[in-house]
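All ligand and atom numbering here is 1-based and tracks the order in the structure.
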Amino acid sequence: MDISLVIPLLNEAESLPELSAWIEKVMKEHNYSYEVIFVDDGSTDTSWNVIEELRRKNPNIKGIKFQRNYGKSAALNEAFRAAQGDVVITMDADLQDSPDEIPELRKMIVQDGYDLVSGWKKKRYDNTLTKNIPSKFFNAVTRKVSGIKLHDFNCGLKAYRNKVVKSIEVYGEMHRYIPVLAKWAGFKKITEKPVEHRARKYGVSKFGLRRFVNGFLDLISITFVSKFSKRPMHFFGLWGSIFFLVGLGISSYLIISKLLSPLTFALTNRPDFYLALTTLIVGMQLFLAGFIGELVSRNSATRNSYLIEEKTGL
Ligand code: UDP
Ligand code: MG
């Protein structure tokens, strides 16, 4: 199969018929063998009925319906497990992404050999203040932290080599960081392509301003998890030891000066006494956190989750 098109949706009933007609047109023109996987993320409108209706007319259309709203990441993850196409393309359901981009995206994976091609909404049709400005900041931070040179991490339109989507797990709200997850899974050929973006025709946006707060916290946690979850002692142990040694240094200094001239000062009147106390305690706490972290990761089912690229002679 050439292409799996993955479309997560929440209450987008009005857009679906137009979207799927457009997709069918593009797929027919290029003679692709394909599937469209709609994931209904707990819609409360008639979206699921529309999907079933569309499937009756076109057997390439497939659907997954969640029991309730689990979020875009869960929807993508579930469809990624099911996707059979050599190239997997994700797209929003609200007609803001254009299916006309599909052939070029596929070409960049199949011919140019990229693992992941991310869409870049160079010219955006969203509300400037609430979206475009925070998203510039968000992208700049993500670029810095991840070292991936993309302008628009959160674009819904992306193309992947099949192996990439089978190698990553998208959970929580990590759909904003799929390129980062892919890079950490070992896929290096990541690039972007400017894509056409359109104003929302039907319905309303499903994400509020909270996206930026959550998005930022998620970035911190994936950075940390990817770096240290398999070796927590390297982080906590290091900082714990540094704190502890500093505390030890200050207390030795205090003890020695007290022994040399016992009557000149009372220990508890000195600020460095409290500094010594806190650094010792904080250091010990950090060290213990690292040790407990090691025990947890030692027992984790994924402690040895690595990906094998190829084998020979086995
Ligand atoms: N979406 C989803 N589950 C959610 C929120 C959104 O499947 O909990 C879908 C939504 O239906 C759309 C896509 O994710 O197809 C992008 O959402 P939206 O257009 O609201 O985001 P925006 O374009 O405003 O960033
Ligand atoms: Mg949208």
Side-chain angles (χ1 to χ4, degrees), residues 4-20 22-23 36-51 54 61-83 88-99 101-102 118-139 142 150-159 165 170-179 195-216 218:
S4 291
L5 205 56
V6 167
I7 305 181
L9 61 114
L10 174 65
N11 298 334
E12 310 278 7
E14 300 127 300
S15 309
L16 294 178
E18 205 171 317
L19 179 66
S20 72
W22 191 353
I23 291 168
V36 182
I37 307 178
F38 284 111
V39 189
D40 181 346
D41 184 15
S43 295
T44 49
D45 67 355
T46 55
S47 294
W48 184 248
N49 299 340
V50 177
I51 292 168
L54 292 169
I61 290 177
K62 302 167 184 178
I64 300 171
K65 180 174 167 58
F66 282 167
Q67 186 75 34
R68 65 163 171 85
N69 176 238
Y70 284 96
K72 192 175 177 182
S73 294
L76 290 176
N77 195 59
E78 197 53 34
F80 283 170
R81 301 284 80 83
V88 179
I89 298 180
T90 60
M91 181 183 276
D92 288 352
D94 53 6
L95 290 164
Q96 288 195 274
D97 302 325
S98 158
E101 307 280 356
I102 292 172
S118 179
W120 171 18
K121 300 174 292 245
K122 209 167 179 174
K123 188 157 168 35
R124 277 186 88 151
Y125 293 90
D126 283 318
N127 187 323
T128 328
L129 263 185
T130 58
K131 227 172 193 177
N132 298 4
I133 293 172
S135 116
K136 282 228 163 72
F137 172 75
F138 163 89
N139 280 308
T142 313
L150 293 184
H151 287 89
D152 188 5
F153 281 85
N154 194 17
C155 184
L157 184 57
K158 288 192 173 66
V165 304
V170 195
Y171 65 96
E173 291 187 36
M174 297 303 183
H175 58 268
R176 301 195 181 88
Y177 300 108
I178 299 183
V195 293
E196 188 201 344
H197 186 241
R198 299 139 48 93
R200 210 179 223 287
K201 199 162 164 188
Y202 309 102
V204 290
S205 172
K206 307 299 184 301
F207 296 102
L209 271 180
R210 292 251 344 236
R211 75 168 87 201
F212 296 107
V213 182
N214 295 344
F216 183 66
D218 283 344

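- Close approach to Glu12 involves these atoms of ligand 1, each under 4.0 Å from a residue heavy atom: 10 (C), 11 (O), 12 (C), 15 (O).
- Closest to atom 1 (N) of ligand 1 among all protein heavy atoms lies Leu10 CB, 4.0 Å.
- With a 6.0 Å cutoff to the six-membered ring centre and a 45° limit on the axis angle, Arg68 does not count as a cation-pi contact of Phe66.
- The Mg ion (ligand 2) has no N, O or S atom of Asp92 closer than 2.8 Å.
- Between the side chains of Ser135 and Arg124, at least one donor-acceptor pair of N or O atoms lies under 3.5 Å.
- Among the atoms of Gln96, an N, O or S atom falls under 2.8 Å of the Mg ion (ligand 2).
- Scanning all protein heavy atoms for the shortest distance to atom 17 (O) of ligand 1 gives Phe207 CE1, 3.6 Å.
- Heavy-atom proximity to Asp41, at under 4.0 Å, picks out these atoms of ligand 1: 2 (C), 3 (N), 4 (C), 7 (O), 8 (O).
- Ion pairing of Lys201 with Glu14 is absent here, as no side-chain N (NZ or NE/NH1/NH2) approaches a carboxylate O to less than 4.0 Å.
- Annotation: atom 20 (O) of ligand 1 to nearest protein heavy atom, Lys206 N, 2.5 Å.
- Nearest protein heavy-atom contact of atom 25 (O) of ligand 1 is Arg211 NH1, 3.2 Å.
- Scanning all protein heavy atoms for the shortest distance to atom 19 (O) of ligand 1 gives Asp94 OD2, 2.5 Å.
- Interface atoms of ligand 1 facing Arg200, defined by a heavy-atom separation under 4.0 Å, are 18 (P), 19 (O), 20 (O).
- In this model, no donor atom of one side chain and acceptor atom of the other lie less than 3.5 Å apart for Asn49 and Thr46.
- Judged by the shortest distance from any of its heavy atoms, Gly71 lies inside the 4.0 Å radius around the atoms of ligand 1.
- Protein heavy atom closest to atom 22 (P) of ligand 1, with residue, atom name and distance, is Lys131 NZ, 3.3 Å.
- In terms of protein heavy-atom proximity, atom 9 (C) of ligand 1 is nearest to Pro8 O, 3.7 Å.
- The minimum heavy-atom distance between Ser47 and Asp40, with the atom names listed, is CB-OD2, 4.0 Å.
- For Asp94, the N, O or S atom closest to the Mg ion (ligand 2) goes by the atom name OD2.
- When heavy-atom distances to ligand 1 are checked against a 4.0 Å cut-off, Ala93 comes that close through both its backbone and its side chain.
- Between Cys155 and Gly119, the shortest heavy-atom contact is CB-O, 3.2 Å.
- By the criterion of a heavy-atom distance under 4.0 Å, the side chain of Asn69, and not its backbone, is placed next to ligand 1.
- Nearest non-hydrogen protein atom to atom 14 (O) of ligand 1 is Lys72 CD, 3.5 Å.
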